[in-house]
Every structure is written in structure tokens, then in C-alpha cells.
Amino acid sequence: MHTLRILFTILFLTMGFFNLFAQSKKHDARGGQHIRRYEKREPVKSTELKSLSTSFYIAPLAYGSAFKGHYAIELLPADNERFTLSCNNETIMVGNEVADDIQNIIAKYKLMENNGVTDITAGLPPEYQPMHFKATYASGEDIAYCINNNPMNMWQIELFRYVREQMLSHGNRAFATPAEFPQIERITLKYSDGDGIVHWYDNIRHDDGQMLMRIVYEQKTNNEISDGTVAIPDEYYTGINTLVDSLNLHWEANHKQESKIDAASHRYVYLYANGKDSKYIFSAMFVDEELTERIKTALCSLREYMDKPFDNK
């Protein structure tokens, strides 16, 4: 009898232990449950990337204090072998070379080895919350997985850096630092329609200080056709900076420079900008067929703005 009582006591305590364990697992489901699944998939053979969708968290130490937090990146097909590239709802149009570059990052870090994996833990801090990845290929194959984020993951840092560079090179400043886009305090514009006549807008030193200059001259004889100077209006360069941004002229920065152009036989546009203390910002030269409709439209808008201070001259 005594032995039977001991057995019942052990059974009771054991049931209580399992009950507590079950309650603990229930609590884990709200803040710590670990889920791991693996869906076996055939290796992806294609390398022709057609789309990408991923989201992750970058820690401050991974990229300096300028960038931290959550980033959602998408590459989606558009028309004429072009793509839209987005990061946190900032979107630009890019060529198919960008898809190739992103595929190189996927291959470099062997992300295909995670295909089919789900490995997440509930209740972790934001920087370790699940990161999602999906890449689809021209063959119809895809790479898809969801795992706990690592905020110091090098492929994420490299992908974000690449996307940020693409944004900047296409004139999108959403992820720029102040040092990368200093304010323009002087801009030079020269252009010719191939008729030997040069139109030149610039700043010039004057007895009364810096002034705006507008000159039209014949390059062959160097004879001035017209010239004028005016005081620089208040907020003039604020407007220049806004206009350069809106026209995406930073995209064209450092495009190409020629040592000398014959204005009598070439259509061309030359731009130069510097900032505080004459710090160089950008320069660009476009000649003949390089003068696309987009560049000509930008030139027209810039010229109209730079003509306004001279309206009453």
C-alpha cells in the first residue's frame, strides 16, 4: 500500500511537470517559439534573374551611423529589357545590367543554398526579426526562403550599398548623405548649336563682387555678339539647386569631357558646378548624338532659368 501511494505521488508530480512544460510551450508561441522547416527543392540552374523581393534590417555598425533599420528592396521587370528598382518605395528605372549585378551578389554569397528554408524565432528584437528573400528566373525557377535576420550580414550590406549607388547615380537622393550632394554656389553653362556661336553663362568677379554673366560670341573670331552682367538675385542658387535636382542633372555628372570642341561643326553642351570654397561638384560634356531629347529638354529649362535675371537688360 505504501508503495502504491509513492507511485501515485510520482505520477501526480510527473503530470504536473508536463502540464507546466505545456504551458511554457504555449507561452513560447507568443514570444520565442522556434520554427524550422525545409522544403526540398531542385538546384536552380538559370542565372537570368527576372525579379527580386527581399527585406532585411541593417545595424548601425554594419554601415556606419548614416544607415540603419529596415530596408525592402524590389527589382521588377518593366519594358524593353528594363527594370524598376525600388528601396523603401523609392523607385528608379534601370537597365538589365543591374539584374546581372544583383545575380552576381546572389552567386557570390551562395544564397541559393538557403532555398526552401524557413528558420525563424518569434519575439526577437527588430534587427533579428525574419528576413524574407525571393528571386525568380527566366526559366520559371525561384529561390525563396525566410530566416532570422542577421543585421551584420555582408550580402545584405553589399546589396543595399549597390542599390543606394544606383539611386544616387540616377539622381535619387533618398539615401544620400549631406556630404554627397553639397549645395551648388556657382554653375557654368556653355552650349553651341553647331553654328559657330557659343552661349556662355557663368559667375564673374566684379568691382561690386560676384555677378552673373551672360555672353554670346563667335568662336572662330572670338568676337562678342552680346554680353551682360547682373547682380546675383536672392535665392538664385537655391533655385539652381532645386532645378538641378528636378532635372536629375547629377545623374549626368562627369559624363564625358572633351579637351576642345569646334563650335562651328559640333552641337555641344558643357556644364560645370562647384560649391562652397570652390569645391568641385560635377562637370559634364555632351556632344552631337549624346544630346538626347532628355538633355535638350533639361538644357532648355536651365537656360530659361538663367536668362530671367537678364530680362530687363
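Here the side chains of Glu158 and Ile105 are in contact, with some heavy-atom distance below 4.5 Å. Here the side chains of Leu212 and Pro233 are in contact, with some heavy-atom distance below 4.5 Å. Using a 4.5 Å cut-off on side-chain heavy atoms (C-beta onward), Tyr145 and Asn115 make no contact. With contacts defined as side-chain heavy-atom distances shorter than 4.5 Å, the pair Leu189/Met306 qualifies. Two residues are said to be in side-chain contact when any heavy atoms from C-beta on lie closer than 4.5 Å; Glu90 and Met167 meet this criterion. Using a 4.5 Å heavy-atom threshold, the side chains of Arg267 and Phe286 count as separate. Counting only heavy atoms from C-beta outward, the side chains of Leu76 and Leu52 never approach each other to under 4.5 Å. Residues Ile73 and Leu159 are in side-chain contact: their nearest non-hydrogen atoms beyond the backbone lie under 4.5 Å apart.
Between the side chains of Tyr57 and Gln156, no donor-acceptor pair is found at a separation under 3.5 Å. Using modelled atom types and a 3.5 Å distance limit, the side chains of Tyr268 and Glu290 yield no donor-acceptor pair. Side-chain contact annotation: Asn203 with Arg186, donor-acceptor N/O pair under 3.5 Å absent. Residues Thr136 and Ser51 have side chains that bring a donor and an acceptor to within less than 3.5 angstrom of each other. Using a 3.5 Å distance cut-off with no hydrogens or angles, the side chains of Asp101 and Tyr162 do pair a donor with an acceptor. With 3.5 Å as the limit, one finds no donor-acceptor pair spanning the side chains of Asn223 and Glu218.
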Residues Val94, Gln166; criterion side-chain contact (heavy atoms from CB on, under 4.5 Å); working and verdict: CA-CA 8 Å; Val94 296; Gln166 288 296 316; 4.1 Å; yes

Quick one: do Leu243 and Leu302 satisfy side-chain contact (heavy atoms from CB on, under 4.5 Å)? Show the steps, please. CA-CA 7 Å; Leu243 187 58; Leu302 188 60; 3.7 Å; yes

Derivation of the side-chain contact (heavy atoms from CB on, under 4.5 Å) call for Phe67 and Phe175: CA-CA 8 Å; Phe67 302 101; Phe175 305 104; 4.0 Å; yes

Given side-chain contact (heavy atoms from CB on, under 4.5 Å), test Ser226 with Ile215 step by step and report yes or no. CA-CA 6 Å; Ser226 66; Ile215 296 175; over 6 Å; no

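Hydrophobic clustering (ILVMFWY, side-chain heavy atoms < 4.5 Å, transitive): Phe133 and Tyr38 are in one cluster. Val216 and Tyr305 fall into different hydrophobic clusters, where Ile, Leu, Val, Met, Phe, Trp and Tyr residues are linked whenever their side-chain heavy atoms come under 4.5 Å apart, directly or through other members. Clustering ILVMFWY residues whenever any of their side-chain heavy atoms sit less than 4.5 angstrom apart, transitively, puts Met154 in the very cluster that holds Phe56.
Each of Phe282, Tyr280, Trp200 was checked for a ring-ring contact (aromatic ring centres under 6.0 Å, His included) with Tyr272, and the lone residue meeting it is Tyr280.
At distances below 3.5 Å, at least one donor-acceptor pair connects side-chain atoms of Asp195 with backbone N or O atoms of Ile197. Judged by distance alone, the side chain of Asn172 and the main-chain N or O of Leu168 form no donor-acceptor pair under 3.5 Å. Arg205 places no side-chain N or O within donor-acceptor distance of the main-chain N or O of Gln210, the cut-off being under 3.5 Å. A distance-only check finds no donor-acceptor pair linking the side chain of Ser278 to the backbone of Asn274 [under 3.5 Å]. Checking side-chain atoms of Asn150 against main-chain N and O of Met152 turns up a donor-acceptor pair under 3.5 Å.
For Asp142 and Arg41, the salt-bridge test passes: some basic side-chain N is under 4.0 Å from an acidic carboxylate O. Classification of Lys279 and Glu185 as a salt-bridged pair fails, no side-chain N sitting under 4.0 Å from a carboxylate O. Ion pair Arg214/Asp307 flagged as a salt bridge, since at least one NZ, NE, NH1 or NH2 atom sits closer than 4.0 Å to an Asp/Glu carboxylate oxygen. Between Lys296 and Glu293 there is a salt bridge, since a side-chain N of the basic residue sits under 4.0 Å from a carboxylate O of the acidic one.
Atoms CE and CG, on Met285 and Leu271 in that order, are 9.5 Å from each other to the nearest 0.5 Å. From Met131, atom CE reaches atom CD1 of Ile147 across 6.0 Å, with rounding to the nearest 0.5 Å. Rounding to the nearest 0.5 Å gives a distance of 6.0 Å between CD1 of Ile106 and CG of Leu111. A distance of 6.0 Å separates OG in Ser46 from CD in Glu141, rounded to the nearest 0.5 Å. Here the CD1-NE2 distance, from Ile92 to His170, works out to 5.0 Å after rounding to the nearest 0.5 Å. Atom-to-atom distance recorded for Leu75:CG and Ser86:OG is 8.5 Å, nearest 0.5 angstrom.
Using cut-offs of 30° and 60° on the angle between ring planes, the pair Phe160 and Tyr71 is tilted.
In terms of heavy atoms, Ser53 sits closest to Glu74 at OG-OE2, 3.8 Å. Smallest separation of non-hydrogen atoms from Ile281 and Gly275: CD1-N, 3.6 Å. In plain terms, the two heavy atoms of Phe310 and Met213 that are nearest each other are CZ-C, 3.7 Å.
Dense packing is recorded around CD of Glu224, with more than 12 heavy atoms of other residues, nucleotides or ligands lying under 6.0 Å away. Surrounding NZ of Lys308 are at most 12 heavy atoms belonging to other residues, nucleotides or ligands under 6.0 Å away.
Residue pairs meeting the side-chain hydrogen bond (donor to acceptor under 3.5 Å, both in side chains) criterion with at least one member in residues 116-133, sequence neighbours excluded, are His34-Asp119, Arg36-Asp119, Thr121-Asn148.
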